[in-house]
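A single structure is presented below for examination.
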Amino acid sequence: MLIAILLGFIFSLFLVFTGKVFRGKFAILSAAIPLILFIYFAQFIGRISNGEVITEMHSWVPSFGVGLGFTLDGLSLLFSLMITGVGFLVFLYTAAYLKNHKYLDRFYGYLSMFMAAMLGLVLSDNLISLFVFWELTSISSFFLIGFNNSNEASRKSAITALSITGLGGLALLVGAIFLGVVTGTYSIAEMLNSGIDIGSNSYYSIIVVLIFVAAFTKSAQFPFHFWLPGAMKAPTPVSTYLHSATMVKAGIYLLMRLTPVLGAHELWNSTLIVVGAITMVYSAVHTIFRTDLKGILAYSTISALGILVFLIGQGTTDALLAASVFIIVHALYKATLFLMTGVIDLQTGTRDTTVLRGLRKVLFPVAIAGFLAAISSAGIPPSIGFLGKELTYESTLHFEYSAILLIVLIVITKILLLYSGFVAGIRPFAGKLPERFEKVRMPSPLLWMPPLLLAVTGIVFGVFPGIIESSMIKPVVSALGKDGAEVHLQLWHGFNTILWLSVLTIVIGTILYFLIKPTARLEAGIAKLEFLSPKSISLKIWVWFTKFSDIWTNFFQNGYLRSYVSTILVVLIALTGYSLYNTAQFNINFDKFSKVTIYEAVISLIMLVAIFYTVFTRSRLAAVASMGVIGYAICLLFVFYSAPDLAMTQFSIDTLTVILFVLVLYKLPKYLRLSDYKTRIKDGVLSLAVGAIITVLVLEVLAEPVNGEVSDFYANNAYLLAHGKNVVNVILVDFRGADTMIEISVLSIAAIGVFGLLKLRLKKSDQR
Amino acid sequence: MTQQIVLYPLLLQLLLSIVLMFCWRKISWQRVISIVGGVINIAVSAWLFYHIWENGTQIVQAGNWKAPFGIIFVGDTLSATLVLLTALSGVAVSTFSSASVVAARLKFGYFPIFHFLLLGLNGAFLTGDIFNLYVWFEIIIISSFVLITLGGEKAQLEGAVKYFTLNILASMIFLTAIAVLYGLTGSLNMADLSMKVAAIENRGLVEITAILFLIAFGIKAAVFPLYFWLPDSYHTPPSAVSAIFGGLLTKVGVYALIRVFTLIFVGDLFLQNILLAMAVLTLISGGLGALVQNNLRKVFSYLIICHIGYMIAGLGLFTKLAISGTIFYLIHDIIVKTNLFMVSGLAYRIRGTNSMRALGGLYAEYPKISLLIAIPLFSLVGIPPLSGFWPKLSLISAGFTAERWWVVGAIVFASLITLIIIAKVWAAIVWKDKTDFPKRLNFRYFAKLKLVRKTQMIAPVVFLSLVSLYIGFGAEHIQQVSVRVANELMDNQQYIDAVYNNNPKLNR
Amino acid sequence: MTLHEFLYYFVMPVLSLSVIFIVIRFLKGPSIVDRVIALDLIITTGIGFIGAYAILNNKPSLLDVAMILALIAFLSTVAFSYYIQKRNNK
Amino acid sequence: MTDLIVGILAFFGTIFIFLAAVGLLRMPDTYLRISVTTKAATLGIGLLLVAAAVYFKDLSITTRVMAILLFILLTAPVSAHLIGRTSYFSGIRLWKGSVMDDLEGKYQRISGVLKSETDDTPEDNIVHDKDK
Amino acid sequence: MKNRFLSNILLTFIWVALTGDFTFANYLFGFVLNFLMLRMITSGSGNAKYFRILPKVIGFVFFFLVELIKANLQVAYEVMTPHYNMSPGIVKIPLDAKSNLEITLLANLISLTPGTLSLDVSDDKKVLYVHSMYINSREEFIKSIKNGFEKRILEILR
Amino acid sequence: MEVILAILIGVLYAAGIYMILRRSLVKLILGIIILGNGANLLIFLLGRIVKGSPPIIPGDSEVFESIYADPVPQALILTAIVISFGLQSFAIILIKRAYKVVKTDDLDEMNAIDKDS
Amino acid sequence: MKTIILRTASTYLLPVLLLFSIFILLRGHYSPGGGFVGGLIASIAWVLHAFAKGLENTKGLIRIHPGFLMPVGLALAFLSGIAPIVAFDMPFMTGLWYPEHLPILGSLGSALFFDTGVYLVVVGVTLTIIFTITESA
Ligand code: NA
Ligand code: NA
């Protein structure tokens with residue numbers, strides 16, 4: 001299985017180096033990859049339907065408890081087949097759709113990367129590796145949405161999509177980690193086997209909310225749904241593959257996969273039902289107001305995803321069964337509709353439903369595909385869509401809480417979806433062919449065969465539900481923790497409430513179809529309410545957020561060095577001051593200190609005076625001179641306190657520094673510009689606070705006992721072992737010689753720096 | 001031979017610097033020496049790492065004076081890892097510099113100073129003496145300062161003044177802290193300090209000292225609200241310089257924080273909370289800053305800050321798991337940030353600007369380079385399984401275990417914002433069509449470079465990309481290293497024992 | 001009165017007083033030249049200080065410092081002169 | 001006996017330094033201050049150092065003291081000359097009680113040339129008014 | 001050649017005196033050291049005959065010390081009394097001294113003596129400008145300098 | 001005396017910082033130097049001060065016979081002084097260079113925060 | 001500067017100061033002094049010379065670029081540091097001592113070579129800085 005998953009990655013890597021070959025007529029060869037994979041997964045159908053679960057384990061990062069553990073059960077098999085099957089058709093379709101596109105090879109690269117990631121996602125047993133693949137789907141989706149990279153809108157949509165799914169991805173990561181910490185494993189199988197009741201864990205709600213955020217963003221649930229219509233900027237094969245059949249279902253997959261782990265809890269059920277319901281109705285209503293084919297399909301997709309979440313939320317066996325079937329239904333008809341849209345777009349140059357008419361005359365096979373998909377979408381027998389709808393109604397009707405309300409909502413949704421299915425799949429082909437479309441030609445079979453195949457499959461499954469009943473649906477349901485559930489799929493259920501609801505749905509929907517014509521006016525109408533939509537609210541929040549970032553950043557990073565210094569000092573004062581205030585013990589014993597002699601006092605006084613003068617004089621040169629005085633005073637202090645070496649060095653360096661200053665200063669204007677009065681007061685307070693803290697700190701340290709172990713060692717061994725009597729010098733060249741070695745390096749660097757600074761003049765073109 | 005192995009990376013860099021100084025004007029020699037020396041350095045550092053991995057912590061007593069009297073160089077797993085990473089980044093930047101740094105700069109000592117900088121970094125990682133650490137910090141400051149100003153015009157000088165002042169301020173605070181520590185214990189050896197500080201009764205003083213260290217290293221590590229020097233200066237020097245700065249300079253601050261707060265000042269709750277608060281604000285502030293920039297290198301600069309937050313968060317959480325996350329992130333970040341700044345240099349060389357508004361068209365013109373750039377960019381985001389992803393596992397787990405929700409929140413926030421920013425960067429420099437940014441006169445555009453120079457610019461990016469791919473895909477190895485480092489750090493007795501029990505042949 | 005007391009109670013205080021006078025001149029200026037002279041004299045007096053202090057503490061090694069002071073002090077005067085002349089030439 | 005000699009030397013040394021300090025404070029113009037300080041301080045230091053040499057009675061100390069004195073004797077007048085010259089050059093006026101100024105008009109402002117006689121390039125000559 | 005040799009010897013003595021180590025090895029070391037150093041720095045010329053002038057040098061030193069103390073007392077009086085009794089000014093002194101060394105020595109000694117300060121030497125080395133605290137008459141002052149310091153210095157150096 | 005020195009050190013720190021906060025680059029660097037002096041004195045004082053006993057083993061003995069000043073802080077300060085000298089000289093030259101390029105030593109005029117550049 | 005007095009004085013001060021600097025260097029191990037201060041004094045000697053006689057004269061006298069002293073000094077210090085490793089497999093900077101007591105220097109050891117390296121570096125650095133800045137003044 002590992003190879004199967006990696007195949008896509010390997011192929012995309014392969015394309016990096018051999019891309020040119022796959023840009024032309026050989027492009028179609030790449031469809032071999034999904035085909036092989038489809039066949040590979042198809043061969044497991046038998047084993048899986050016998051209740052077998054195939055697992056495979058590859059060690060990866062055991063330190064994190066992260067392995068490449070793959071599980072092939074009903075659920076993952078269903079998804080794998082969808083991914084590779086639809087994938088195969090999309091690959092074929094693309095070869096014609098983007099024929100001779102200069103980046104066709106890259107497109108295939110991203111597409112197969114996506115496919116591989118998606119397979120990894122659905123096959124992973126380990127939550128972290130699931131997350132890894134989850135993110136890879138987001139990234140490949142990012143590249144695909146932005147495929148028309150010259151188009152700014154396309155780039156923006158890609159970023160939006162990545163941001164939203166990225167948010168979800170992080171939520172998944174955090175949720176997964178929390179789950180991992182709580183259960184002690186990242187393996188879903190082990191979580192189930194461990195028997196830990198996560199529902200009663202105090203972190204349950206946090207974890208569930210995180211998982212929800214992940215699933216909702218990926219599966220475009222309200223209010224995170226708005227990235228999906230934007231993602232329609234991508235080429236149609238992408239919309240088909242990622243944004244209807246596979247990737248958006250990853251969230252659904254996640255919810256289904258975790259149902260046995262986290263489900264059967266009130267929070268789980270009610271949240272999913274509410275969010276699913278809102279999403280499905282909200283988006284279904286939206287479809288009425290769209291005129292762009294892809295726009296209609298995008299919203300109907302969101303609505304369908306809402307239905308799935310709604311069903312998973314119910315969590316009953318019936319509901320999960322309905323969800324399983326509906327996944328297949330939706331994949332088949334939505335992929336068809338998208339591919340069909342692509343053909344129409346390519347051949348007519350428009351996707352505007354207000355102008356598209358009568359295309360059946362020129363694009364007959366496509367019209368058939370569209371029609372079949374439309375009835376499947378509408379839930380009209382004998383399509384499999386009917387089956388899906390019946391199961392949905394049934395489970396909703398039997399749901400234990402608020403069944404009436406829920407059934408009303410789902411019926412409304414279904415009616416609207418019928419409408420939109422008809423608008424997308426039938427309207428472009430019905431009626432009279434306008435003049436402008438008379439010259440439309442039949443495209444290559446590569447373009448019309450895939451949608452037709454998908455559409456026909458939908459009918460075949462509808463007529464013979466047995467094909468999928470035990471081979472696919474039953475294993476899925478059992479994978480969802482409903483082992484041994486009765487699964488029986490059939491078109492005819494007899495005359496019951498559900499059937500009447502179906503009839504109602506079909507009738508009202510059909511009436512709507514004839515009543516409401518998609519018009520630009522309608523679209524403009526909804527646009528007025530746009531400011532209330534999650535999209536514009538998010539956008540507004542984003543704008544505010546960016547503004548805030550700007551203010552925040554410029555507040556701190558204002559370019560003024562002294563404001564930086566001030567901030568740092570404020571932190572220093574606050575922290576040390578707080579600590580001093582809390583812990584200081586003023587047990588300073590003044591007797592321990594040496595007494596003050598007059599000369600020490602005078603030198604200190606002079607130093608003080610010189611400091612003040614340096615600080616307050618307006619002449620630079622006078623400041624330099626008086627800094628010299630400070631230095632000489634310190635030098636004398638060093639002499640008094642037994643540090644002749646220091647005194648010498650201090651004095652020489654002080655003198656040299658003065659010389660350097662003097663050599664530099666004469667170029668500068670004589671006097672300084674001063675800050676205003678208020679600033680000076682503020683700075684003064686700040687500096688004095690630091691000074692005070694330092695003084696107090698020093699006095700406190702002086703009150704502590706002295707430990708002379710190290711210096712005694714130096715003193716005792718300076719002559720005996722290191723052959724020197726000036727202990728300071730012995731320390732410098734021997735005991736701590738390494739310091740000195742570095743120090744002379746520092747000096748050399750400084751000199752090189754000065755040399756470069758003054759001598760190096762770069763040409764304008766060489767700067768930076 | 002292996003007795004002194006801890007010192008070999010240092011001695012090698014020093015030797016290189018000296019030799020390069022002797023070759024003052026012979027810049028073609030310098031290029032060769034620097035690159036060949038860099039390769040040898042990798043070998044030496046790898047040897048050191050292997051040796052320490054096999055035999056545990058190694059020490060060298062400079063001057064053969066035993067602890068705590070002489071200066072001790074200690075190679076534990078953390079040090080060895082960082083030395084190895086420095087070597088990897090170093091050779092990449094050497095190579096990149098050979099092509100991207102103009103000859104005029106090379107004639108004024110670029111390479112010797114570059115190797116001095118590497119020397120300083122290695123020294124800081126290996127020393128076991130707190131004052132010696134200060135001295136290494138100074139060599140780092142001065143060499144980075146020279147590199148930042150070399151041939152500098154207005155923007156560069158402005159940046160340099162801020163860089164200089166705030167780093168000097170940090171050094172002063174560091175020095176003050178050392179003085180206090182010496183005043184309290186009479187010692188400078190870090191292992192010795194570890195024991196002596198633990199025995200001090202006046203805990204308040206210890207806490208204040210720790211705060212001083214925190215601020216000093218915090219400035220170097222560029223944590224909130226001490227990072228201001230960084231965004232104002234990192235975008236100004238040549239990209240090769242930014243690369244080594246971006247990759248390693250702030251990390252020395254992080255290293256110092258880790259070392260000091262796991263060895264000397266352990267278990268102060270107040271400080272841990274401060275660290276966590278700083279980490280959270282760093283993650284947020286860095287992210288916000290990066291969001292509003294339009295200069296590629298400024299974006300990366302703010303991202304440096306942002307991501308420092310991860311490492312500080314791990315240190316603040318102070319559990320083995322968290323520390324291992326910090327270490328993993330450190331390893332990842334060094335490689336990726338170095339690479340990113342080289343990428344920015346590449347972009348600059350291609351288009352003559354780093355403004356994201358003016359950049360663009362890489363996708364059409366240089367598809368392979370675009371793909372190459374994707375590796376560091378998305379590693380930075382932590383798109384799994386690229387390298388930035390793994391440490392977040394540890395950090396988030398640790399945050400969860402400690403019930404520090406705001407830390408987890410900040411980590412998530414920073415990850416998300418990084419993702420958005422990198423997506424923007426990608427869209428702006430790779431996807432967007434070439435802009436009508438005016439051609440610069442006499443500018444040596446990438447396309448005009450000789451093949452060997454082109455190779456010298458691309459090869460290091462490829463090299464570091466491979467390394468970061470390894471970090472991502474071979475995460476198990478890196479995680480083993482991180483866990484071992486975390487174990488060593490959380491048990492400071494191990495360090496102390498290594499320093500004291502290792503008797504050299506001549507026992508004075 | 002011993003020599004020690006003499007140094008302690010007379011020499012050092014008088015030298016201190018001298019330094020204060022010099023510093024006053026340093027502060028008063030009025031010209032930069034006056035400050036330079038004062039600076040020079042502070043160093044010179046410093047040499048005296050060190051000499052007396054060496055006797056007082058019986059530490060001849062301190063005279064080495066005096067030696068350095070005597071040698072180098074002159075250079076800052078040279079530099080200042082150089083500066084002032086250059087500035088006037090400007 | 002030694003102590004007495006040391007004491008006397010130290011006494012005079014200190015006094016001369018003190019005089020220089022007072023002179024520096026009191027003298028009315030820069031030239032006079034230079035004049036006063038160079039001399040008094042040199043002598044003062046000399047005496048103090050000799051006191052030290054006598055006190056330690058060590059040849060190496062004595063030679064060191066001699067070296068210091070040599071340095072001072074070499075450098076003090078040179079620096080006095082430099083700073084005095086600079087003062088004049090930068091336009092510092094003589095005290096109002098000064099009786100003559102032979103330097104008037106001899107320095108060339110731009111070239112820095114010092115002539116021995118006043119010549120006919122008055123615009124470049126440095127002339128300052130006496131302090132009124 | 002001779003001049004350099006003498007400088008070398010002189011410096012060797014200074015060295016030995018400085019180190020306070022009067023051994024043969026130290027003389028040798030000092031000699032070699034100074035030889036090397038002189039070799040490095042020697043550029044100009046200027047001859048001096050050390051042996052002939054040595055007694056004169058000693059005599060001059062005493063003369064100078066006396067002058068020094070005398071003048072210092074004068075200054076002391078000036079400084080300590082409340083009123084100024086001085087009549088300062090800048091005087092131009094024509095030079096007999098010709099070589100740089102002669103001029104410099106003269107100027108320095110004048111500066112060292114209290115109350116007088118050599119301000120500068122004209123570029124043609126013809127005159128020395130001296131600031132003095134007590135100028136009763138220009139001629140008298142010039143004569144005192146020329147007969148005092150200048151004469152003695154020239155005696156020693158020529 | 002320790003108290004006086006402690007206060008003096010505080011004043012040096014305060015003065016250094018105050019000058020770093022000024023507008024002039026020259027003052028800023030003077031501030032850094034003063035701060036450095038403060039730090040050196042701090043090390044010196046915290047190593048505890050001893051009057052008139054340099055850590056130089058007297059003429060003919062092999063070890064100290066009387067008290068001596070702690071040589072370690074002295075060695076540290078020496079290193080710090082020399083390092084600061086390197087940094088300072090570079091900084092001072094920077095004033096010159098900055099003045100040449102930016103035409104001012106006024107720091108308030110050195111604050112480009114253009115997001116594009 | 002155009003002053004004969006300073007120029008002449010500096011001619012005589014230069015050797016004295018240089019001599020003195022070496023003196024300070026050599027005795028560092030026993031008395032106050034050492035490579036740093038020694039180097040500083042030597043540099044000051046040259047700087048003084050440059051002030052008095054002009055930079056070109058001084059440079060002509062030194063002949064080599066002072067910057068060259070930096071790698072030389074560093075190399076000397078470096079070699080004395082690694083000598084113990086190379087020769088005796090002892091740690092970096094282990095003091096190596098010539099067993100006999102020598103005149104002037106006292107004990108001769110690697111520390112002296114190290115200090116001489118320091119001296120050269122300090123001279124090289126200081127002169128490079130001051131000469132460069134004077135040239136570009
Ligand atoms: Na009087
Ligand atoms: Na005089």
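Protein chains get the first letters and strands the later ones, always in sequence-line order, with residue 1 at the start of each. Computed from heavy atoms alone, side chains included, the values below leave out hydrogens, waters and symmetry copies.
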Output the option from I49(F), V11(F), L94(F), V63(F) having the highest count of non-hydrogen pairs under 4.5 Å with chain A.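 Looking at each of I49(F), V11(F), L94(F), V63(F) in turn, I49(F) comes out on top.
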Exercise for the section: Provide the closest heavy-atom pair for T617(A) versus K27(F) in the form atom of the first, atom of the second, distance. Expected result: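 Residues T617(A) and K27(F), closest heavy atoms: O-NZ, 2.9 Å.
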> Can you tell me how far the CE atom of M627(A) sits from the CD1 atom of I34(F), to the nearest 0.5 Å?
Replying inline: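 Output value for this atom pair is 7.5 Å.
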Exercise for review: Carefully, step by step, assess L41(F) and M607(A) under the rule side-chain contact (heavy atoms from CB on, under 4.5 Å).
Suggested key: CA-CA 12 Å; L41(F) 266 190; M607(A) 204 159 111; 3.6 Å; yes
Pairing of E62(F) and K725(A) as salt bridge, 4.0 angstrom limit:
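Salt bridge between E62(F) and K725(A), a charged N being under 4.0 Å from a carboxylate O: no.
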Any side-chain heavy atom of L5(F) within less than 4.5 Å of one from Y641(A)?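 In contact.
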Within the side chain of E743(A), is there an N or O that forms a donor-acceptor pair under 3.5 Å with the backbone of I81(F)?
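The answer is no, because no donor-acceptor pair under 3.5 Å joins these two groups.
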For the CD1 atom of I744(A) and the OG1 atom of T79(F), what is their distance to the nearest 0.5 Å?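 Between atom CD1 of I744(A) and atom OG1 of T79(F) there are 11.5 Å.
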Discussion item. So I77(F) and F638(A), do their side chains get closer than 4.5 Å, heavy atoms only?
Written reply: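 F638(A) vs I77(F): side chains touch.
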| said: So which atom in I630(A) and which in L12(F) form the shortest heavy-atom distance, rounded to 0.1 Å? | reply: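 So the two residues come closest at CG2-CD2, 4.1 Å.
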Which one of A750(A), A751(A), A601(A) has the most heavy-atom pairs closer than 4.5 Å to chain F?
->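 Top option by heavy-atom pairs under 4.5 Å: A750(A).
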TODO: Find the distance between OH (Y99(F)) and CG (L665(A)) and round it off to the nearest 0.5 Å.
DONE: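 Going from the OH atom of Y99(F) to the CG atom of L665(A) covers 11.0 Å.
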- Any side-chain heavy atom of I9(F) within less than 4.5 Å of one from T695(A)?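 The answer is no, as the side chains (C-beta and beyond) never meet within the 4.5 Å cut-off.
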**Q.** Closest non-hydrogen atom pair, P705(A) against R48(F)
**A.**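 The pair with the smallest heavy-atom distance is O-NH2, 3.9 Å.
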- Query: Picking from V639(A), I653(A), L608(A), which has the most non-hydrogen pairs under 4.5 angstrom with chain F?
  - Reply: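 Heavy-atom pairs under 4.5 Å are most numerous for I653(A).
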In terms of heavy-atom proximity below 4.5 Å to chain A, should I7(F) be classed as side chain, backbone, both, or neither?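 Contact with chain A: backbone and side chain both.
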Has S711(A) got a side-chain atom pairing as donor or acceptor with P71(F)'s backbone, closer than 3.5 angstrom?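 It does not hold such a pair.
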Requested in this report: List the atom of S594(A), the atom of K51(F), and the distance in Å for their closest heavy-atom pair.
Outcome: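 The answer is OG-CE, 4.4 Å.
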Please name the pair of heavy atoms, one in M1(F) and one in S604(A), separated by the smallest distance, quoted to 0.1 Å.
->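 Heavy atoms of M1(F) and S604(A) come nearest at CE-OG, 3.3 Å.
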Per the salt bridge (Lys or Arg N to Asp or Glu O under 4.0 Å) rule, what does the pair list look like for residues 705-721 of chain A, sequence neighbours excluded?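 For residues 705-721 of chain A: E709(A)-K196(B).
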Checklist entry - Given the options L688(A), N716(A), T657(A), D739(A), which has more heavy-atom pairs under 4.5 Å with chain F than any of the others? => result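 If we count pairs closer than 4.5 Å to chain F, T657(A) comes out on top.
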**Request:** Sort Q88(F) into side chain, backbone, both or neither according to what part of it lies under 4.5 angstrom from a heavy atom of chain A.
**Result:**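 Only the side chain of Q88(F) comes within 4.5 Å of chain A.
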Non-neighbouring partners of S89(F) that pass side-chain contact (heavy atoms from CB on, under 4.5 Å), sequence neighbours left out: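 For S89(F), the residues satisfying side-chain contact (heavy atoms from CB on, under 4.5 Å) (neighbours in sequence not counted) are L660(A), F85(F), I129(G).
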Counting heavy-atom pairs closer than 4.5 Å to chain F, which one of F661(A), F640(A), F612(A) comes out on top?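 Top count of heavy-atom pairs under 4.5 Å with chain F: F661(A).
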Item checked: Audit row: I20(F), R562(A), side-chain contact (heavy atoms from CB on, under 4.5 Å) steps and yes/no -> CA-CA 7 Å; I20(F) 288 175; R562(A) 48 209 173 85; over 6 Å; no
Name the region of S84(F), side chain, backbone, both or neither, that has any atom closer than 4.5 Å to a heavy atom of chain A.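 Neither part; nothing is under 4.5 Å.
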Can you confirm whether N37(F) sits close enough to Q650(A) that some side-chain heavy atom of one is under 4.5 Å from a side-chain heavy atom of the other?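 When only atoms from C-beta onward are counted, Q650(A) and N37(F) do touch, with a gap below 4.5 Å.
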So which of D654(A), L686(A), T649(A), T679(A) has the biggest tally of heavy-atom pairs under 4.5 Å with chain F?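 Option with the greatest count: T649(A).
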- Task: Among the options L78(F), I83(F), N40(F), pick out the one with the most heavy-atom pairs lying under 4.5 Å from chain A.
- Result: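 Among L78(F), I83(F), N40(F), the one with the most close pairs to chain A is L78(F).
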- Message: Under a 4.5 Å cutoff for heavy-atom pairs, which residue among A69(F), P73(F), G52(F) has the most contacts with chain A?
- Response: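 Top option by heavy-atom pairs under 4.5 Å: G52(F).
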After noting the C-alpha distance and the side-chain angles of R680(A) and R22(F), does the key distance pass the side-chain contact (heavy atoms from CB on, under 4.5 Å) rule?
CA-CA 8 Å; R680(A) 278 187 280 166; R22(F) 305 276 53 79; 3.6 Å; yes
Quiz item: Roughly how far, to the nearest 0.5 Å, is CD1 of I693(A) from OH of Y13(F)?
Solution: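 Atom-to-atom, Y13(F):OH and I693(A):CD1 are 12.0 Å apart.
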> Which region of S566(A), side chain (C-beta onward) or backbone (N, CA, C, O), has a non-hydrogen atom less than 4.5 Å from a non-hydrogen atom of chain F, or is it both or neither?
Replying inline: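 Both backbone and side chain.
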Taking every heavy-atom pair that is under 4.5 Å apart, which of I95(F), L21(F), I93(F), I56(F) has the most such pairs with chain A?
->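 The answer is L21(F).
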key: chain F contact via L757(A) - which portion, at a heavy-atom distance below 4.5 Å   =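 Contact with chain F involves both backbone and side-chain atoms of L757(A).
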Part of A643(A) within contact of chain F (heavy atom distance under 4.5 Å) =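 The answer is both parts of A643(A).
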Self-check item: For chain A, the option from L76(F), D70(F), L28(F), L30(F) that forms the most heavy-atom pairs under 4.5 Å
Solution: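 Among the listed options, the one with the most contacts to chain A is L30(F).
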**Asked** Given the options L42(F), I29(F), L46(F), which has more heavy-atom pairs under 4.5 Å with chain A than any of the others?
**Response**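 Looking at each of L42(F), I29(F), L46(F) in turn, L46(F) comes out on top.
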Heavy-atom proximity to chain F below 4.5 Å, by part of T614(A)
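T614(A) touches chain F through backbone and side-chain heavy atoms alike.
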Would you mind telling me which of L732(A), V565(A), V690(A) has the largest number of heavy-atom pairs within less than 4.5 Å of chain F?
->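 Highest number of pairs under 4.5 Å: L732(A).
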Report task. Quick one: sort the Y18(F) and F616(A) rings into parallel, tilted or perpendicular, breaks at 30° and 60°. Result ->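 The arrangement is tilted - the two ring planes meet at 30° to 60°.
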Item to complete: Name the region of L702(A), side chain, backbone, both or neither, that has any atom closer than 4.5 Å to a heavy atom of chain F.
Response: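 For L702(A), heavy atoms of backbone and side chain both lie under 4.5 Å from chain F.
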Q) Where does I92(F) contact chain A at under 4.5 Å (heavy atoms): side chain, backbone, both or neither? A)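 When you check distances to chain A, atoms from both the backbone and side chain of I92(F) fall under 4.5 Å.
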What part of L45(F) gets within 4.5 angstrom of chain A, counting heavy atoms only: side chain, backbone, both, or neither?
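Interface part for L45(F): both.
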Over all heavy atoms of both residues, which pair between I611(A) and A15(F) is shortest? Give the atoms and the distance, please.
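Reported closest heavy-atom pair: CG2-CB, 3.3 Å.
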Select one option (side chain, backbone, both, neither) describing which atoms of I749(A) are under 4.5 Å from chain F's heavy atoms.
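It is neither, since no heavy atom gets under 4.5 Å.
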Worksheet entry | Residues V615(A), M19(F); criterion side-chain contact (heavy atoms from CB on, under 4.5 Å); working and verdict | CA-CA 6 Å; V615(A) 170; M19(F) 289 189 80; 4.0 Å; yes
For this session: May I ask you to check whether over 12 heavy atoms, not counting those of K682(A), lie within 6.0 Å of atom NZ?
Result: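 Counting neighbours around NZ of K682(A), 12 or fewer heavy atoms of other residues, nucleotides or ligands fall under 6.0 Å, so no.
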